[in-house]
Amino acid sequence: MPETLPKSERLRGQTAVSALFEHGKGLSSGCLRCKYIASPAHADASRIVVSVPKRLFKRAVKRNLLKRRIREAYRRQKELLSAPCDILFVYSAPEVLPYEVIYADMTAILQKIC
RNA sequence: AUGGCAGGACGAUCUGUCGCGGCUAAUCUCCGCUUUUUGCGGUGAUGGUGCUGAGGAAAGUCCGCACAGGACAGGGCACCCGUCUGUGGAAAGCACAGUGGGGAGUAAUCUUCAAAAUGCGUAACAGAGAAUAACCGCCGGAGUUUUUCUUUUUUUUCUCCGGUAAGGGUGAAAACGCGGGGUAAGAGCCCACGACGCUUUGCGGCGACGUAAAGCGGGUACGCAUCCGGGCCUGCAAGACCAAAUAUACCGGCAGCUGAGGGCUGCCCGCCUGAUGCCGGGGGGUAGGUUGCGAAGAUAAAUGACAGAUUCAAAAACAGAAAGCGGCUUACGGCCCUGCCAUUAUU
RNA sequence: GGCUCCAUAGCUCAAUUGAAUAGAGCAUUUGACUACGGAUCAAAAGGUUACAGGUUUGAGUCCUGUUGGAGUCA
């Protein structure tokens with residue numbers, strides 16, 4: 001599986017995201033919380049949403065930085081997933097953590113989902 | 001050399017391995033037209049073929065513009081904003097250059113205010129008085145009283161009338177300053193010098209204004225109105241287009257009080273109810289999509305991760321485009337250039 | 001993203017058109033009353049008027065800028 005993350009592997013649309021919020025199963029590990037739906041009917045590949053709450057970080061620069069780190073961590077490790085899933089990642093730590101910590105937490109999350 | 005002031009430029013670069021948004025050569029799929037191929041147009045997919053991809057403030061949303069919709073015959077009132085001068089500018093609570101007061105600094109320099117005339121209002125507390133000022137005081141006159149044997153003069157007490165802004169504990173602010181003359185006492189009442197304001201003239205300046213002379217004048221500060229200039233309202237979540245599902249104006253067809261349809265039911269019978277039901281078209285319009293949209297440009301939103309090198313040293317500070325443009329304001333590590341000022345030292 | 005608005009005592013609110021000790025209720029503390037508590041009565045404390053500048057003799061009020069918060073438009 002290539003280590004790419006094209007646009008088609010991102011979950012888009014307000015209705016789809018709302019459905020994931022209401023019906024997804026919850027997990028958390030370290031600085032990350034997530035909700036996911038395993039094996040949705042419509043998709044061949046996994047699709048993800050990344051969210052960093054504005055109430056944790058007021059400045060857009062920090063939110064963008066964390067979203068990029070989370071996406072990078074997912075991109076490097078998405079072969080850990082055995083079946084396609086729709087996943088929502090939410091950052092929950094009150095300070096900006098370095099890439100290595102996010103990478104480790106992402107590993108734990110993906111292993112729990114499988 | 002140290003410290004400071006002003007102005008300007010910058011806001012890392014390079015290499016390697018992965019990765020992201022947009023456009024695109026090319027290839028493939030499907031559809032339509034022409035149809036022998038071919039060609040043209042469109043949809044979608046791949047796309048390391050190439051190009052391009054965050055800031056000086058992208059921020060705050062404080063001004064202004066353009067654009068869009070709404071309102072609007074014309075004019076006025078009301079309301080809001082602005083206010084020294086010139087130039088630039090589409091305009092601006094804009095920029096640049098200047099004028100005149102006040103303030104800060106040894107200085108370089110910085111900062112703040114500002115039009116004209118008329119009318120009206122306010123000036124708490126304190127204070128005699130805060131704006132056509134007589135409470136005390138000073139002066140004059142009349143009366144009264146006291147001193148005296150009596151009269152006159154002088155002195156004292158009180159009352160009344162008048163003059164007077166020189167003095168008086170206040171206050172943010174007290175009716176030009178100071179000297180002389182003058183006077184019953186006083187006063188720009190008069191004079192000299194000085195400060196201020198207005199007018200006229202000369203000179204300089206496009207102008208605000210400066211300067212010189214002459215004449216005139218004498219109550220301060222702030223606010224409001226008139227006056228002059230400008231302003232319709234709302235904002236890209238504006239607005240335009242396409243358009244599921246559901247309900248449905250309207251139109252057509254079919255069935256229908258000789259019972260359609262509905263309720264009880266898994267189905268039939270039966271019972272109850274009693275006028276619309278079904279199909280098609282169709283307009284507005286919701287979800288959603290397209291556009292508005294740019295020499296970055298999406299629609300949950302793109303610039304990142306890791307390793308290394310460089311400038312003395314860790315690329316570190318403030319910070320991420322969501323419609324565009326011109327300004328302002330606020331935040332900010334560091335570096336470079338130019339000019340100037342103060343202090344110290346040397347020649 | 002655009003637009004509109006708010007901030008005063010621990011809480012809820014006043015303070016006219018700038019005028020001097022910023023006020024009221026509840027809450028708090030102390031005292032009285034009571035055998036004790038509640039209620040009541042009396043008194044006290046509590047404020048850099050969100051922050052920083054400016055105008056003014058004088059600012060909670062007027063002007064500018066920051067900070068925090070709320071509402072609204074699909």
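Chain letters run A, B, ... following the sequence lines, proteins first and then strands; every chain starts at 1. Computed over heavy atoms, backbone and side chain alike; hydrogens, waters and symmetry mates excluded.
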Both distances below 3.5 Å, Watson-Crick or wobble geometry, any strand: find the nucleotide opposite [N].
| N | result |
| --- | --- |
| B/G339 | B/C5 |
| B/U122 | B/A221 |
| B/U276 | B/A255 |
| B/C176 | B/G194 |
| B/A260 | none |
| B/U17 | B/A305 |
| B/U151 | none |
| B/U246 | none |

Between [M] and [N] - [atom1] atom distance, rounded Å:
| N | M | atom1 | value |
| --- | --- | --- | --- |
| B/G284 | B/A243 | C1' | 12 Å |
| B/U170 | B/G215 | P | 43 Å |
| B/G100 | B/G210 | C1' | 10 Å |
| C/U49 | C/G65 | P | 22 Å |
| B/G55 | B/G82 | P | 36 Å |
| B/A124 | B/A172 | C1' | 12 Å |
| B/G188 | B/G180 | P | 13 Å |
| B/A73 | B/A298 | C1' | 47 Å |

Given atom [atom1] of [X] and atom [atom2] of [N], what is their separation to the nearest angstrom?
| X | N | atom1 | atom2 | value |
| --- | --- | --- | --- | --- |
| A/Arg76 | B/G304 | CZ | C1' | 10 Å |
| A/Glu72 | B/U17 | CD | C1' | 12 Å |
| A/Met106 | B/C306 | CE | P | 15 Å |
| A/Lys62 | B/G304 | NZ | P | 17 Å |
| A/Arg69 | B/G304 | CZ | C1' | 10 Å |
| A/Lys67 | B/A298 | NZ | C1' | 13 Å |
| A/Arg75 | B/C20 | CZ | C1' | 9 Å |
| A/Tyr103 | B/G304 | OH | P | 20 Å |

If anything within 90° of 0 is syn and all else is anti, what is [N]?
| N | value |
| --- | --- |
| B/G19 | anti |
| B/G188 | syn |
| B/A54 | syn |
| B/G294 | syn |

Between [options], which one does the side chain of [X] approach most closely?
| X | options | answer |
| --- | --- | --- |
| A/Leu65 | B/A321, B/C306, B/A305 | B/A305 |
| A/Asn64 | B/A305, B/A54, B/C18 | B/A54 |
| A/Ala60 | B/A54, B/A321, B/C18 | B/A321 |

Salt bridge present between A/Glu72 and A/Arg68 (N-O < 4.0 angstrom): no

Pair assignment for RNA chain C - dot-bracket with | for other-strand partners, Watson-Crick or G-U under 3.5 Å: (((((((..((((.....[...)))).(((((.......))))).....(((((..]....)))))))))))).

Touch class at under 4.0 angstrom, heavy-atom based, for A/Arg63 against every strand present: nothing

Minimal non-hydrogen separation, A/Val50 against A/Lys67, with atom names: CG1-CG, 3.7 Å

Closest non-hydrogen atom pair, A/Ile70 against A/Phe89: CG2-CB, 4.2 Å

Polar side-chain contact A/Arg68-B/G19 base: donor and acceptor under 3.5 Å: no

Distance test, side-chain N/O of A/Arg71 to OP1/OP2 of B/A302, below 4.0 Å: yes

Below 3.5 Å, can you tabulate the donor-acceptor pairs from side chains in residues 99-110 of chain A to any protein atom, sequence neighbours excluded?
from, atom 1, to, atom 2, distance (Å)
A/Asp105, OD2, A/Cys31, N, 3.1
A/Thr107, OG1, A/Gln77, OE1, 2.4
A/Thr107, OG1, A/Tyr103, O, 2.9

Non-neighbouring partners of A/Ser92 that pass side chain to side chain contact (heavy atoms under 4.5 Å, CB included), sequence neighbours left out: A/Arg33

Which residue lies more 5' along RNA chain B, comparing A/Glu100 with A/Val50 via nearest heavy atoms: A/Val50

